[in-house]
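Below is one structure, written out as structure tokens, with a few remarks after it.
Computation of the quantities below employed the complete heavy-atom set of this structure, encompassing side-chain atoms and omitting hydrogens, waters and symmetry-equivalent molecules.
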Amino acid sequence: MSRDRHVPDDDEINAFRQALREAGVRPIASNRADPGRRRRGDVAAAERRAAATTVADDLAGGGRTSDGRVEPVRPSEFLDFALPDLPWRTRQQLKRGQLAWEAGLDLHGHTLEEAREELEAFLRDAADRRRRCVLVVHGKAWGSTRDYPVIKSHVNAWLREWPSVLAFCSATAIDGGTGAVYVLLRRRGAEA
């Protein structure tokens, strides 16, 4: 069913403008975001601005994953993410394990910070070597201080932030099932 957009006629536009005038609505005199007085030197704001600039520079230089709060996932939860413009066929091939992975990383036994550093180095190396699909084994073990699989939950968040990741999903049973993910990477100078 198609819906045509209603185009108002001159009488409707004039009635709307009249209603705005009667309500006391006035046009904005300036289109500047902050036309008021200049802000005073706020040290905390300057520090936040510098930190934000540093993060933006890190992301532009190949990405740095966050270490902030992540949404916990269940040990058996199927992970699935893809950029909206990824072709459906490619995504289905990834889910079925039909795209051969060219390199793998096992994060078992790593601390959270070690896992993040290893994953970042692995993804950079994969991009440098023009890998298309890689396997990351994150495991499903519950953290000693958390009631959810910490590495799996963080890998789920980190991969969503990484600039060259087009898609990822839990692996087939032969490659680790819900304890691993296939990661589809953008090749430098190539499209999805």
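In the hydrophobic clustering (ILVMFWY side chains linked at under 4.5 Å, chained through shared members), V25 is joined by F16, L20.
Taking the salt bridge (charged side-chain N to carboxylate O under 4.0 Å, His left out) definition, one finds that R17 meets it with nothing, sequence neighbours left out.
A donor-acceptor distance shorter than 3.5 angstrom exists from the side chain of E114 to the backbone of T111, with no hydrogens or angles considered. A donor-acceptor pair is defined here as one N or O able to donate and one able to accept, closer than 3.5 Å; such a pair exists between the side chain of S153 and the backbone of V73. Counting only distance, with no hydrogens or angles, the side chain of R160 and the backbone of A167 share no donor-acceptor pair below 3.5 Å. The closest donor-acceptor contact from the side chain of E118 to the backbone of A115 lies at 3.5 Å or more, if one exists at all. No donor-acceptor pair closer than 3.5 Å links the side chain of K152 to the backbone N or O of G179.
The environment of D9 atom CG is dense: over 12 non-hydrogen atoms of other residues, nucleotides or ligands sit within 6.0 angstrom. When the shell of 6.0 Å around CD1 of I13 is examined, it contains more than 12 heavy atoms from other residues, nucleotides or ligands. Few gaps surround CD on Q92; more than 12 heavy atoms of other groups in view lie less than 6.0 Å from it.
With rounding to the nearest 0.5 Å, the separation of CZ in R130 from CZ in R186 is 12.5 Å. Rounded to the nearest 0.5 Å, atoms CD (Q93) and CG (L99) are 5.0 Å apart. Between Y148 atom OH and R74 atom CZ the span is 14.5 Å, to the nearest 0.5 Å. Once rounded to the nearest 0.5 Å, the distance linking CZ of R91 with CG of L184 reads 11.0 Å. For the atom pair F81 CZ and L166 CG, the distance stands at 9.0 Å (nearest 0.5 Å). Here SG of C169 is found 4.0 Å from CG of L94. Values are rounded to the nearest 0.5 Å.
Residues L112 and H154 form a side-chain contact, since some pair of their non-hydrogen atoms from C-beta on lies under 4.5 Å apart. Two residues are said to be in side-chain contact when any heavy atoms from C-beta on lie closer than 4.5 Å; L79 and T178 fail this criterion. Annotation: side chain of L159 is in contact with side chain of V181 (closest heavy-atom distance under 4.5 Å). By the 4.5 Å heavy-atom criterion applied to side chains, V136 and L119 are counted as neighbours.
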Criterion side chain to side chain contact (heavy atoms under 4.5 Å, CB included) on F78 and D80, from CA distance to verdict: CA-CA 6 Å; F78 186 88; D80 186 19; 3.9 Å; yes
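A donor-acceptor contact closer than 3.5 angstrom links the side chains of R21 and Q18. There is a side-chain donor-acceptor pair under 3.5 Å between S164 and W162. Judged by distance alone, the side chains of S170 and Y182 never bring a donor and an acceptor atom under 3.5 Å apart.
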N/O donor to acceptor pairs below 3.5 angstrom from side-chain atoms of residues 100-110, sequence neighbours left out:
unit_1: W101; atom_1: NE1; unit_2: D175; atom_2: OD1; d: 3.4
unit_1: W101; atom_1: NE1; unit_2: D175; atom_2: OD2; d: 3.3
unit_1: E102; atom_1: OE1; unit_2: R132; atom_2: N; d: 2.5
unit_1: E102; atom_1: OE1; unit_2: C133; atom_2: N; d: 3.2
unit_1: D106; atom_1: OD1; unit_2: H108; atom_2: N; d: 3.0
unit_1: D106; atom_1: OD1; unit_2: H108; atom_2: ND1; d: 2.6
unit_1: H110; atom_1: ND1; unit_2: L107; atom_2: O; d: 3.1
unit_1: H110; atom_1: ND1; unit_2: H108; atom_2: O; d: 3.3

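The pair D125-R129 meets the salt-bridge criterion, with a side-chain N (NZ, NE, NH1 or NH2) lying under 4.0 Å from an Asp/Glu carboxylate O.
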